[in-house]
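This report concerns only the one structure given below.
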Number of protein chains: 2
Amino acid sequence: MGEHRPERPTRRTRAKASTPAADEPEDGTGRADGSGVSTHRTGGARPRQTGGTGPQQAGGTGPQPAGGAAGAHVTLQDVARRAEVSLATASRVLNGTTQVRADLKERVLAAASELAYAPNAHAQALARASSQSIGLICHDVSDPYFAAIARGVTRAAAEHGLLVMLASTFRDPAREVDYIAMLRAQRARAILLVGSGFEDRAWERSMGAELDPYVRAGGRVAVLSRHRSLRVDTVQPENREGAAALARTLLGLGHRDFAVLTGPRTLTTVVDRLGGFRDALAEAGVSLSDDQVVEESFTRDGGYAAATELIRRGLRATCVFALTDVMAIGALSAFRYHGVDVPGQVSLAGFDDIPIVRDLVPPLTTVALPLEEMGERVMNLALRDPARRSRVERIPGEVVLRATTAAPRRPT
Amino acid sequence: MGEHRPERPTRRTRAKASTPAADEPEDGTGRADGSGVSTHRTGGARPRQTGGTGPQQAGGTGPQPAGGAAGAHVTLQDVARRAEVSLATASRVLNGTTQVRADLKERVLAAASELAYAPNAHAQALARASSQSIGLICHDVSDPYFAAIARGVTRAAAEHGLLVMLASTFRDPAREVDYIAMLRAQRARAILLVGSGFEDRAWERSMGAELDPYVRAGGRVAVLSRHRSLRVDTVQPENREGAAALARTLLGLGHRDFAVLTGPRTLTTVVDRLGGFRDALAEAGVSLSDDQVVEESFTRDGGYAAATELIRRGLRATCVFALTDVMAIGALSAFRYHGVDVPGQVSLAGFDDIPIVRDLVPPLTTVALPLEEMGERVMNLALRDPARRSRVERIPGEVVLRATTAAPRRPT
DNA sequence: CTGAAAGCGCTTACAG
DNA sequence: CTGAAAGCGCTTACAG
């Protein structure tokens, strides 16, 4: 310990010239100071320019922290050498694939620990032709809806020893395609597409161009909330039925005049929830006039803006349905800001039942979806035997009446 | 197209025996049905058992979707062959590293597109000795605090073309160590540790055992909200100062009797915020009695439970400080449930300014932190020139007075 | 500008 | 049970 590790030699000569095991630190864990990370570039030590493009060497003449050059990873070869066994044997004990003589096993384990060996996952992925990670693509992790689902996904992934690569598209279709390409390059074991897709031919085609070869090569894809055009394992919340059930409940409360705060109609979820709601109203002979449907972005601010616009147009409805809880949160604040009492003057309902809506004042009426569980399900669906035919798991929504809804003041 | 691709041969013979270029589909994108993903296992086609451990071949005699065997990724070699150039040339045009004759370049590009080639990121990482991903470790993605930070991180990572591998520890120290090991194996370009660390010797040692060799080998680590024991690039919210400023503001409102709702004292953030608050009170000659400090988990439910416990003990304070907004949300609901008016009977303040607190009723007084920006900063810090000495970016918190705080009824 | 070949760090038949 | 060696799919000096 405390020895300089030589500058990483060029690739050609590396294997032969690398530091003999004897120069390695004696113990990767039992360091005297016990303080955790102590390796730190010393103050004034500017890296020496080595010329060319080779790796730089940390210079300096003062007290030198252990390890000098950057990029010098311990390899299996190093471990094998120190344990005085073959590469194959070292690999075997570390993977527990075959029985290995007890003493050799012990030596390998000791060497690995002493050198603080960490296998190179890329090399393993290459040799095994399979990786330990999955990809999760959603619109925005910071949206409580996706955050809850992501929680379920990461939890399920952890149980399988998988790492999740997270991508937020910020609702940009092009970015989604890019991410799929990256995940494909990573040879992710599975790609999870979470959230509404876009109703767009060109986009569907580019998606297919990426996804198609991916599944053909053995990749698994599973989606959540996205049924059109993708014949893959699916977790499908019953948006249409949920919205319809909500409509009937609201009708039952006595409402006849409705307004809807919606997101972009290019999103399948919008189409389904709006359609289900409208159809259920129609069955009761109630129609939804177009100027009572306000379209904004699928965000809290979108909900705020939509509610404000609704007020501007003249709030004729006694009940407002925001297509997502997140929009409903914005709407509730807008109503409050404009002095519109909820549920005194208007009732308000959302969809999703994200955790926070219980803490709103008043607590929000909504259609509850088991978000975290849905996340676990997509993950598990993607990990099923690929030979089995694709499956759609339908998740029913449950109408939860809370305090933002009440009977209308004077039922029409 | 529509041709069977042969079962993937065993590794030994693969290179020579693989399908000649002529058998490849003509175009990866211009598929007739235009429907996106169409590759899908046909209904009744059970995979034939091929015996041994080799890859399975999708059997079936009916109409067969394009692509048969799983695991058959298109390689650079396939592209080179189809373009009738060398491997090296194909690599060069795809990477744009060197000038390549226009016609060859064109052929390579065409071949790559026709075969829907996706480079194997693992092979690239191995050959280049660098990967395209970073690791993000936090306590819980679904917590709005971490969700906001994660948003900043993923956004900044995207700008650098990096993928982020997300891990939630659910506040389990052991899990954190495990994730670092995995990220190290992935040769993540950087590891971001977000959120309070644990005040635990043994844990610090295991962390060091993983992190140490990682940075020694050139890995970058940056942390957010975690100063003890880690001498690495740091984004440090001024918890102590923020809490102190909040205390002074509250004092200025006339409060003299305080209570604090806190998380586990093993978290550094707890120590700092509680300490800063208490010290500022002390400077004003106000002391915080131990039975007015309630410890619970750092969650919404923890806040609810802590507030409830406070009420049970006899709510003597006129002002309650919840160490995080998330706890404050729970506390607010508990107060409401128990008929304690906020701010009429007690004032309540939080810390962090997560987006939702603006929509609470009443809106929460808190110490604002630029969460998303903090996420961007850790990411960028981790990407700096590794030769430069480590840096600590201090993020001041700003006291934001909203409606949960007021002057006490009868100032003592 | 282009190609043959070595090397990245593993795993795993194959042959003792 | 163990080791030598091929192969995974790339990149990149090196030598035309």
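Letters A, B, ... mirror the listed sequences (proteins, then strands); counts begin at 1. For clarity, every value in this text was computed on a predicted model and none was experimentally measured.
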By nearest nucleotide on DNA chain D, pick out whichever of B/Arg92 and B/Pro119 is the more 5' one.
B/Pro119

Tell me which nucleotide, if any, is Watson-Crick or G-U wobble paired with C/dG3 when both distances must be under 3.5 Å.
D/dC14

B/Arg81 CZ to C/dA4 C1', straight-line distance once rounded to whole Å
16 Å

Output for pair (B/Ile180 CD1, B/Glu176 CD), nearest 0.5 Å, gives 5.0 Å

Compare the minimum distances between each of C/dT2, D/dT11, C/dC10 and the side chain of B/Val100, then state the nucleotide with the smallest one.
C/dT2

I need the CG-P distance between B/Leu94 and C/dT2, as an integer number of Å.
14 Å

Do A/Asp78 and A/Arg81 sit within salt-bridge range, that is, some charged N less than 4.0 Å from a carboxylate O?
yes

Are B/Arg128 and D/dT11 close enough that a side-chain N or O sits under 4.0 Å from OP1 or OP2?
yes

Rounded to the Å, how far apart are A/Leu126 CG and D/dG7 P?
14 Å

Sorted by position of nearest nucleotide on DNA chain C, 5' first, the leading residue of B/Arg187 and B/Leu104 is B/Leu104

May I ask you to verify if any side-chain N or O of A/Ser86 is less than 4.0 angstrom from the OP1 or OP2 atom of D/dG3?
yes

Between B/Ala123 and B/Glu84, whichever has its closest DNA chain C nucleotide further toward 5' is B/Glu84

Compare all side-chain heavy atoms of B/Asn120 with those of B/Thr75 and state whether any distance is below 4.5 angstrom.
no

Nearest to side-chain heavy atoms of B/Leu87, which nucleotide of D/dT2, D/dT11, D/dC1:
D/dT11

From C-beta outward on B/Leu76, which listed nucleotide comes closest to its side chain: C/dT11, D/dT11, C/dG9?
D/dT11

OP1, OP2 of C/dC8 versus side-chain N and O of A/Asn120: anything below 4.0 Å?
no

Which whole-number value in Å describes the distance from A/Asp78 CG to C/dG9 P?
9 Å

Quick check for you: to the nearest 0.5 Å, what is the distance between A/Ile137 atom CD1 and A/Thr169 atom OG1?
8.0 Å

Contact class for A/Thr89 vs. all strands (heavy atom < 4.0 Å): base, sugar-phosphate, or nothing?
sugar-phosphate

Figure out the CD/C1' separation between B/Gln77 and D/dC10, and round it to whole Å.
11 Å

For atom CG of B/Asn95 and atom P of C/dT2, their distance in whole Å:
15 Å

Here the gap from B/Thr154 atom OG1 to A/Leu166 atom CG, rounded to the nearest 0.5 Å, amounts to 6.0 Å

Taking atom C1' in both C/dT12 and C/dG16, what distance in whole Å separates the two?
16 Å

For A/Ala88 and B/Gln124, find the nucleotide of DNA chain D closest to each by heavy atoms; which residue's nucleotide sits nearer the 5' end?
A/Ala88

Atom P, compared across C/dC14 and C/dC10: separation rounded to whole Å
24 Å

